[in-house]
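Step one of this worksheet: look at the structure below.
These numbers come from the heavy atoms of this one structure, side chains and all, not from hydrogens, waters or symmetry mates.
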Amino acid sequence: MERKYKMLKKLKEIDWSSLRTAQGKKAEFIPDLLLKLLSFDLEEIEDASAELYNNIANQGTIYEASFYIIPFLNMVIKFGTDESKIHAY
């Protein structure tokens with residue numbers, strides 16, 4: 001649980017509403033998806049992973065918000081479950 005608090009604190013330091021995703025949407029929903037990658041529920045992890053991909057690296061193109069998620073994906077790889085780690089790659 002402590003890993004989520006550390007991640008949440010760092011996520012709040014970024015102005016996600018000023019960043020854009022693949023569909024041109026504000027990236028305000030990205031922190032929730034990143035936190036869901038730390039879930040113990042495989043379906044939740046898979047759904048969050050798919051939505052992140054569709055909004056951050058759609059069809060091989062990266063977007064403004066893409067660069068900001070890299071440190072958080074590293075945190076998922078370091079602190080997440082095995083399922084989380086697989087989907088963070």
Side-chain angles (χ1 to χ4, degrees):
M1 197 61 146
E2 183 179 326
R3 65 182 182 235
K4 281 190 179 183
Y5 292 121
K6 286 181 181 180
M7 194 167 171
L8 184 59
K9 183 179 176 184
K10 290 185 181 284
L11 285 169
K12 288 184 177 186
E13 294 173 2
I14 296 170
D15 182 10
W16 293 97
S17 65
S18 70
L19 303 173
R20 300 288 175 198
T21 66
Q23 287 78 28
K25 297 187 289 187
K26 291 182 179 182
E28 296 169 318
F29 62 96
I30 297 296
D32 289 336
L33 294 176
L34 290 167
L35 288 172
K36 287 180 181 180
L37 289 180
L38 292 173
S39 172
F40 291 99
D41 179 342
L42 181 56
E43 186 175 339
E44 187 172 47
I45 294 168
E46 289 174 343
D47 291 346
S49 176
E51 193 168 345
L52 273 172
Y53 177 78
N54 288 331
N55 282 282
I56 297 300
N58 194 347
Q59 298 179 350
T61 303
I62 55 174
Y63 299 88
E64 186 179 27
S66 304
F67 299 101
Y68 289 85
I69 71 163
I70 294 169
F72 302 105
L73 292 177
N74 285 333
M75 289 176 132
V76 171
I77 292 166
K78 184 175 180 181
F79 299 113
T81 64
D82 288 343
E83 292 83 8
S84 296
K85 293 173 184 181
I86 290 168
H87 289 279
Y89 283 108

So CD1 of Ile56 and OG of Ser49: to nearest 0.5 Å the spacing works out to 11.5 Å
Rounded to the nearest 0.5 angstrom, the CG-NZ distance for Leu34 and Lys10 is 14.0 Å
Considering only distance and modelled atom types, tabulate donor-acceptor pairs under 3.5 Å from the side chains of residues 21-32, sequence neighbours left out.
residue : atom : partner : partner atom : Å
Thr21   : OG1  : Lys25   : O            : 3.4
Gln23   : NE2  : Asn54   : O            : 3.4

Leu37 and Ala48: which non-hydrogen atoms are nearest, and at how many Å?
-> CD2-CB, 4.2 Å
State the CG-OG distance between Leu38 and Ser84, to the nearest 0.5 angstrom.
-> 5.5 Å
List the steps and the verdict of side chain to side chain contact (heavy atoms under 4.5 Å, CB included) for Leu19 and Ile14.
-> CA-CA 9 Å; Leu19 303 173; Ile14 296 170; 4.0 Å; yes
No-hydrogen, no-angle side-chain donor-acceptor test under 3.5 Å, Asp15 and Ser17 = yes
For the pair Glu64 (side chain) and Arg20 (backbone), establish whether a donor and an acceptor sit closer than 3.5 Å, ignoring hydrogens and angles.
-> yes
Backbone N or O of Ala65 within a donor-acceptor pair of the Trp16 side chain at under 3.5 Å?
-> no
Identify every side-chain donor-acceptor pair in residues 68-79 under 3.5 Å, counting partners at least two apart or on other chains, and give the distances.
none

Side chain to side chain donor-acceptor pair (under 3.5 Å) partners for Thr61, two or more places apart | none
Determine whether Leu33 and Tyr63 fall in the same hydrophobic cluster, where Ile, Leu, Val, Met, Phe, Trp and Tyr are linked whenever their side-chain heavy atoms lie under 4.5 Å apart.
-> no
Neighbour count above 12 (heavy atom, 6.0 Å) for Tyr53 OH | yes
